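Structure first, then comments.
Values in this document were obtained by computation on a predicted structure and should not be read as measured data. FYI, side chains are in, hydrogens and waters are out, and symmetry mates aren't considered; it's all heavy atoms of this structure.
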Amino acid sequence: MKSPFKRRGLLLVLSSPSGAGKTTITRALLDNNTNLKLSLSYTTRPMRPGESDGVHYNFVDVPTFQAMIDDNSLLEYAKVFGNYYGTPFQPVQDALAESEDIVFDIDWQGTQQLKQRLQNDLVTVFILPPSKAELANRLRGRSQDDGAIIAARMAESSAEISHYSEYDYIVVNYDLTDSIRQVQAILDAERCKRRRLTDLPDFVRKLMDQE
């Protein structure tokens with residue numbers, strides 16, 4: 001049922017060590033929610049097989065990315081495994097004002113920057129793997145990276161996991177279907193938060209005035 005209230009949009013952040021499942025969960029949420037869109041980041045990393053510019057990322061060179069940093073036009077950015085990733089500021093502001101929700105697949109560094117600028121609009125979820133062994137199996141199963149990169153991601157995973165306490169919600173991804181259900185429940189609840197319902201006072205006032 002459609003809500004009777006005008007609502008400010010929200011920013012849903014999913015973070016995890018590489019291979020824990022945040023990207024798969026993000027895609028499922030996008031498939032299941034018409035009023036949810038993916039934050040399209042800029043990145044300096046090369047395109048992977050099957051990716052398209054302007055669909056998965058906006059792929060740019062380092063000088064172009066540096067110019068966006070210098071212009072203060074990025075809401076957040078980080079350097080991860082030698083490549084820059086960042087979110088443009090103005091499209092996010094426009095979406096929030098139009099009651100649109102945006103999901104972010106970013107790391108703890110980007111999440112901290114979002115908190116500094118848009119904390120009241122932010123909902124953060126950290127996805128944990130059930131074990132380090134399972135995390136390594138999932139990374140190898142993706143067949144996207146060579147052994148050296150997988151080893152680097154595993155070495156970095158403990159540092160990333162150490163930031164779990166900075167997040168609002170924790171989901172341990174034992175089972176993908178159940179993890180998707182949990183994150184969907186978080187999104188549904190956050191959409192009902194009183195502070196996001198911008199015309200709720202008018203609705204309640206009219207309700208109280210009714211005979």
So which heavy atom on [X] is nearest to which on [Y], and how close?
{"X": "Asn173", "Y": "Ser179", "result": "OD1-OG, 2.8 Å"}
{"X": "Ser39", "Y": "Phe104", "result": "OG-CE2, 3.3 Å"}
{"X": "Leu38", "Y": "Val103", "result": "CD1-O, 3.5 Å"}
{"X": "Pro17", "Y": "Pro129", "result": "CG-CD, 4.0 Å"}

Under a 4.5 Å cut-off applied to non-hydrogen side-chain atoms, are [X] and [Y] in contact?
{"X": "Leu10", "Y": "Leu122", "value": "no"}
{"X": "Ile127", "Y": "Ile25", "value": "yes"}
{"X": "Asn35", "Y": "Arg7", "value": "yes"}
{"X": "Arg8", "Y": "Asp121", "value": "yes"}
{"X": "Val171", "Y": "Leu128", "value": "no"}
{"X": "Asp105", "Y": "Leu14", "value": "no"}
{"X": "Lys115", "Y": "Glu166", "value": "yes"}

[X] side chain to [Y] main-chain N or O, any donor-acceptor pair under 3.5 Å?
{"X": "Asp199", "Y": "Lys6", "answer": "yes"}
{"X": "Ser15", "Y": "Ile106", "answer": "yes"}
{"X": "Thr124", "Y": "Asp168", "answer": "yes"}

Please enumerate all residues that pass side-chain hydrogen bond (donor to acceptor under 3.5 Å, both in side chains) together with [X], with sequence neighbours excluded.
{"X": "Glu160", "result": "none"}
{"X": "Ser99", "result": "none"}
{"X": "Asn33", "result": "Gln184, Arg191"}

Output all residues satisfying ring-ring contact (aromatic ring centres under 6.0 Å, His included) with Tyr42, sequence neighbours left out; order by chain, then residue number.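 Testing Tyr42 for ring-ring contact (aromatic ring centres under 6.0 Å, His included), a comparison that skips the adjacent residues, returns none.
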Find out if a path of hydrophobic residues (ILVMFWY) with successive side-chain heavy-atom gaps under 4.5 Å connects [X] to [Y].
{"X": "Phe89", "Y": "Leu96", "value": "yes"}
{"X": "Tyr174", "Y": "Leu176", "value": "no"}
{"X": "Phe203", "Y": "Met208", "value": "yes"}
{"X": "Leu12", "Y": "Leu30", "value": "yes"}
{"X": "Phe126", "Y": "Leu11", "value": "yes"}

Looking at Arg194, I want to see if its CZ is surrounded by more than 12 non-hydrogen atoms of other residues, nucleotides or ligands under 6.0 Å.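 For Arg194, atom CZ is not crowded (no more than 12 foreign heavy atoms under 6.0 Å).
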Considering residues, nucleotides and ligands other than Gln90, do more than 12 of their heavy atoms fall under 6.0 Å from its CD? yes
Gap between atom [atom2] of [Y] and atom [atom1] of [X] - 0.5 Å precision:
{"X": "Ile180", "Y": "Thr24", "atom1": "CD1", "atom2": "OG1", "result": "7.5 Å"}
{"X": "Leu29", "Y": "Asp31", "atom1": "CG", "atom2": "CG", "result": "9.0 Å"}
{"X": "Thr111", "Y": "Gln116", "atom1": "OG1", "atom2": "CD", "result": "11.5 Å"}
{"X": "Asp202", "Y": "Leu207", "atom1": "CG", "atom2": "CG", "result": "12.5 Å"}
{"X": "Arg205", "Y": "Leu200", "atom1": "CZ", "atom2": "CG", "result": "10.0 Å"}
{"X": "Thr43", "Y": "Tyr85", "atom1": "OG1", "atom2": "OH", "result": "4.5 Å"}

Steps toward side chain to side chain contact (heavy atoms under 4.5 Å, CB included) verdict (Gln93, Leu118): CA-CA 9 Å; Gln93 284 283 62; Leu118 292 170; 3.8 Å; yes
Only pairs at least two apart or in different chains count here, so list each side chain to side chain donor-acceptor pair (under 3.5 Å) that has a residue in residues 49-58.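 Residue pairs passing side chain to side chain donor-acceptor pair (under 3.5 Å), neighbours aside: Arg45-Glu51.
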Closer than 4.0 angstrom, basic N to acidic O: yes or no for Asp209 and Lys206?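 A salt bridge is absent here (no side-chain N lies under 4.0 Å from a carboxylate O).
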Derivation of the side chain to side chain contact (heavy atoms under 4.5 Å, CB included) call for Val125 and Tyr167: CA-CA 6 Å; Val125 183; Tyr167 286 73; 5.7 Å; no
Only pairs under 3.5 Å count here: list side-chain donor-acceptor contacts from residues 68-83, not counting sequence neighbours, and write none if there are none.
from  : atom 1 : to    : atom 2 : distance (Å)
Asp70 : OD1    : Gln66 : NE2    : 3.1
Ser73 : OG     : Met68 : O      : 3.2
Glu76 : OE2    : Thr87 : OG1    : 2.5

Candidates Asp107, Leu114, Ile102, Val123 - the one meeting side chain to side chain contact (heavy atoms under 4.5 Å, CB included) with Val13: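 One option only clears the test, and that one is Leu114.
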In terms of ring plane angle, is the pair His163 and Trp108 parallel, tilted or perpendicular, where the classes change at 30° and 60°? parallel
May I ask you to check whether Tyr169 and Glu190 show a side-chain donor-acceptor distance below 3.5 Å?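 There is such a pair (donor and acceptor under 3.5 Å, judged by atom type) between the side chains of Tyr169 and Glu190.
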